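Take this structure, written in structure tokens, and hold onto it; I'll ask about it next.
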Amino acid sequence: MLKLLDNIMWNCMTGPHARFATGAGSVRRYAPGFSPILGFEDPRTPDFATLSNYCEPGEQFYCDQWTGAPPAGWQIEREGVMLKMVWDAPMPGDDAAPDAVPLRPEHFPQALALALQLNPGPFGPRTPELGEYFGYFDGPRLIAMADERMAAGSLREVSGICTHPEFQGRGLAQRLTLKLVLRQMQRGLTPFLHVVTTNSGARALYEKIGFRIHLETVVRIVSRVG
């Protein structure tokens with residue numbers, strides 16, 4: 001099962017999320033409006049020529065594991081190191097966030113605005129269609145959230161974890177994450193998540209509550225040019 005996590009983007013977009021993806025041959029991308037993520041059957045030899053038929057100039061995408069030089073018509077905007085972490089602890093005993101609010105379509109514009117402000121990972125206006133979303137509000141204002149995104153086999157991602165800076169230090173992210181972990185495990189799923197190595201605070205939190213590192217990999221943001 002964990003082997004699916006090694007190339008989760010491809011396994012997700014050719015599996016449970018095939019209806020949300022587009023592409024052909026050995027390349028997939030989430031359809032426009034969803035998270036700008038690429039999946040390659042073999043990430044070491046990505047087929048950018050085919051991908052060019054499914055995107056527009058200026059579009060940017062996240063991809064992992066590929067370390068080669070960009071082909072003509074593509075450029076690397078950013079590069080880092082990402083950890084794939086998987087849950088490795090007993091099921092939480094209680095709902096850590098019983099007062100969290102399920103996010104509905106009327107909340108999605110605020111979810112997008114919070115994600116664009118805090119950059120918890122690739123996000124688009126339709127990303128909330130990919131799974132459950134929960135958040136905390138200060139009055140009408142969304143101040144923290146966590147959600148589900150990718151899936152393959154019995155793996156289910158916890159994603160979009162973020163808290164507005166004015167409300168950090170209250171344990172909101174931890175509570176929302178544990179809520180989703182519990183709900184996934186009650187469905188017989190194994191939670192996983194991604195975090196970049198420069199986000200040491202988030203990594204420490206995830207390790208503290210029960211996630212362990214499964215794989216360290218390069219992550220890039222690439223864009224089509226011309």
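None of the values given here were measured: they were computed from a predicted structure.
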message: Between Trp74 and Phe61, is there a side-chain heavy-atom distance shorter than 4.5 Å?
response: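 Yes; the side chains approach each other to less than 4.5 Å.
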query: Among Met145, Gln168, Gln117, which one satisfies side-chain contact (heavy atoms from CB on, under 4.5 Å) with Cys162?
result: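 When side-chain contact (heavy atoms from CB on, under 4.5 Å) is applied between Cys162 and each of Met145, Gln168, Gln117, only Met145 qualifies.
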message: I need the single residue from Arg78, Glu77, Gln60 that forms a side chain to side chain donor-acceptor pair (under 3.5 Å) with Ser223. Which is it?
response: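 Only one of Arg78, Glu77, Gln60 forms a side chain to side chain donor-acceptor pair (under 3.5 Å) with Ser223, namely Glu77.
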field: Heavy-atom closest pair, residues Glu216 and Val81
entry: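 Shortest heavy-atom separation between Glu216 and Val81 comes out as CG-CG1, 3.3 Å.
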task: Mind listing the closest non-hydrogen atom pair of Leu103 and Ala111 along with its distance?
output: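 Where Leu103 meets Ala111 most closely, the heavy atoms are CD1-CB, 4.4 Å.
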- prompt: Can you name the one residue among Arg104, Arg187, Lys179 that meets salt bridge (Lys or Arg N to Asp or Glu O under 4.0 Å) with Glu132?
  reply: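 The single option meeting the salt bridge (Lys or Arg N to Asp or Glu O under 4.0 Å) with Glu132 is Arg187.
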message: So, taking the atom named SG in Cys12 and the one named CG in Leu5, what distance separates them when rounded to the nearest 0.5 Å?
response: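 Cys12 SG to Leu5 CG: 11.5 Å, rounded to 0.5 Å.
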Gap separating the CE atom of Met9 from the CE atom of Met150, nearest 0.5 angstrom: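 Here the rounded value is 5.0 Å.
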- prompt: Honestly curious: do Leu180 and Phe192 fall in one hydrophobic cluster under the side-chain, below-4.5 Å linking rule?
  reply: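 Shared cluster, no.
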message: Quick one, Leu38 and Trp66 - any side-chain contact, counting heavy atoms below 4.5 Å?
response: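 Side chain of Leu38 against side chain of Trp66, heavy atoms only: no contact under 4.5 Å found.
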message: Within this structure, what is the CZ-CG distance for the pair Arg203 and Leu83, rounded to the nearest 0.5 Å?
response: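 The CZ atom of Arg203 sits 5.0 Å away from the CG atom of Leu83.
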task: In plain terms, say whether Glu148 and Arg183 are close enough for a salt bridge, that is, a side-chain N and a carboxylate O under 4.0 Å apart.
output: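 Looking at Arg183 together with Glu148, the answer is no, because their closest N to O distance does not fall below 4.0 Å.
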query: Should Gln184 and Trp87 count as side-chain neighbours, where that means a heavy-atom distance under 4.5 Å?
result: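 Counting from C-beta outward, Gln184 and Trp87 never come under 4.5 Å.
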field: Test item: Ser35 side-chain N/O and Thr127 main-chain N/O as donor-acceptor pair under 3.5 Å
entry: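 A pair under 3.5 Å: no.
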message: Taking the side chain as everything from C-beta on, heavy atoms only, tell me whether Leu114 gets closer than 4.5 Å to Pro120.
response: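 A side-chain contact under 4.5 Å is absent here.
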- request: Considering non-hydrogen atoms only, spot the tightest contact between Ile161 and Ala173 and give its length.
  value: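 That would be CG2-CB, 3.8 Å.
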- request: Kindly give the heavy-atom pair with the smallest separation between Gly124 and Leu112, and that separation in Å.
  value: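 Distance-wise, the nearest heavy atoms are C-CD1, 3.9 Å.
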- prompt: In Å, rounded to the nearest 0.5 Å, how long is the span from CG of Asp64 to OG1 of Thr217?
  reply: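 Separation between the atoms: 4.5 Å.
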message: Do His194 and Ser159 make a side-chain contact, defined as non-hydrogen atoms from C-beta onward lying under 4.5 Å apart?
response: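 Result no, sub-4.5 Å side-chain heavy-atom pair not found.
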message: So if I apply the ring pair (Phe, Tyr, Trp, His ring centres under 6.0 Å) rule between His107 and each of Tyr136, Phe137, Phe134, which one comes out positive?
response: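 Of all the options given, the one that passes is Phe137.
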query: Are the side chain of Asp94 and the backbone of Ala96 linked by a donor-acceptor contact shorter than 3.5 Å?
result: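 Side chain of Asp94 to backbone of Ala96: no pair is present.
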Euclidean distance, Met1 CE relative to Leu155 CG, rounded to 0.5 Å: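 Here the rounded value is 5.0 Å.
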query: For Met185 and Ala89, which heavy atoms make the closest approach, and how far apart are they?
result: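 The answer is CE-O, 4.1 Å.
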query: Short question: side chain of Asn11, backbone of Ala152 - any donor-acceptor pair under 3.5 Å?
result: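 No, the answer is negative, given that no donor and acceptor are paired below the 3.5 Å cut-off.
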message: Less than 4.5 Å apart, side chain to side chain, heavy atoms only: is that true for His214 and Asp6?
response: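 When only atoms from C-beta onward are counted, Asp6 and His214 do touch, with a gap below 4.5 Å.
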query: Can you name the one residue among Leu172, Leu178, Thr177 that meets side-chain contact (heavy atoms from CB on, under 4.5 Å) with Arg175?
result: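 The residue from Leu172, Leu178, Thr177 that satisfies side-chain contact (heavy atoms from CB on, under 4.5 Å) with Arg175 turns out to be Leu172.
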message: For a 4.5 angstrom cut-off between non-hydrogen side-chain atoms, does Tyr206 reach Val158?
response: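 Tyr206 vs Val158: side chains apart.
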field: Asn7 side chain to Phe40 backbone, donor-acceptor under 3.5 Å
entry: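 It does hold such a pair.
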task: Answer yes or no: is there a donor N or O on one side and an acceptor on the other, between the side chain of Arg156 and the main chain of Gly153, under 3.5 Å?
output: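 Looks like no, no N/O pair under 3.5 Å.
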message: What I want to check is whether the side chains of Arg28 and His17 have a donor and an acceptor closer together than 3.5 Å.
response: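 Arg28 vs His17: no donor-acceptor pair found between side chains.
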message: Using only atom types and a distance under 3.5 Å, with no angle test, would you say the side chain of Arg149 pairs donor to acceptor with the backbone of Leu130?
response: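 No, the answer is negative, given that no donor and acceptor are paired below the 3.5 Å cut-off.
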query: Mind checking whether Leu193 and Val219 sit in one hydrophobic cluster, side chains of I, L, V, M, F, W, Y counted as touching below 4.5 Å?
result: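 Result: no, two separate clusters.
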field: Closest heavy-atom pair and its distance - Leu176, Ala146
entry: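 Smallest heavy-atom distance, with atoms named: CB-CB, 3.7 Å.
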field: Min side-chain heavy-atom separation Glu207-Met85 under 4.5 Å
entry: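 Yes, their side chains come closer than 4.5 Å.
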query: Quick one: does Gln65's side chain have a donor or acceptor within less than 3.5 Å of a partner on Pro43's backbone?
result: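 No; zero donor-acceptor contacts below 3.5 Å.
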message: Please tell me whether Tyr54 and Trp10 are part of a single hydrophobic cluster in this structure, the criterion being side-chain heavy atoms less than 4.5 Å apart.
response: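 Different clusters: Tyr54 never reaches Trp10 through Ile, Leu, Val, Met, Phe, Trp or Tyr contacts under 4.5 Å.
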query: When clusters are formed by joining ILVMFWY residues with side-chain heavy atoms under 4.5 Å apart, either directly or through shared neighbours, do Leu189 and Val181 land in the same one?
result: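 Different clusters.
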query: Ile8, Met13: one ILVMFWY side-chain cluster at the under-4.5 Å cut-off?
result: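 Yes: a chain of side-chain contacts under 4.5 Å links Ile8 to Met13.
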query: If you round to the nearest 0.5 Å, how far is SG of Cys63 from CG of Leu51?
result: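 Output value for this atom pair is 9.0 Å.
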query: Looking only at atom types and distance, does a side-chain atom of Gln110 sit under 3.5 Å from a main-chain N or O of Pro140, one as donor and one as acceptor?
result: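 A pair under 3.5 Å: yes.
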- prompt: Should the ring pair Phe34 and Phe20 be called parallel, tilted or perpendicular, given that the plane angle runs from 0 to 90° and is split at 30 and 60?
  reply: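 Geometry flag for Phe20 against Phe34: tilted rings.
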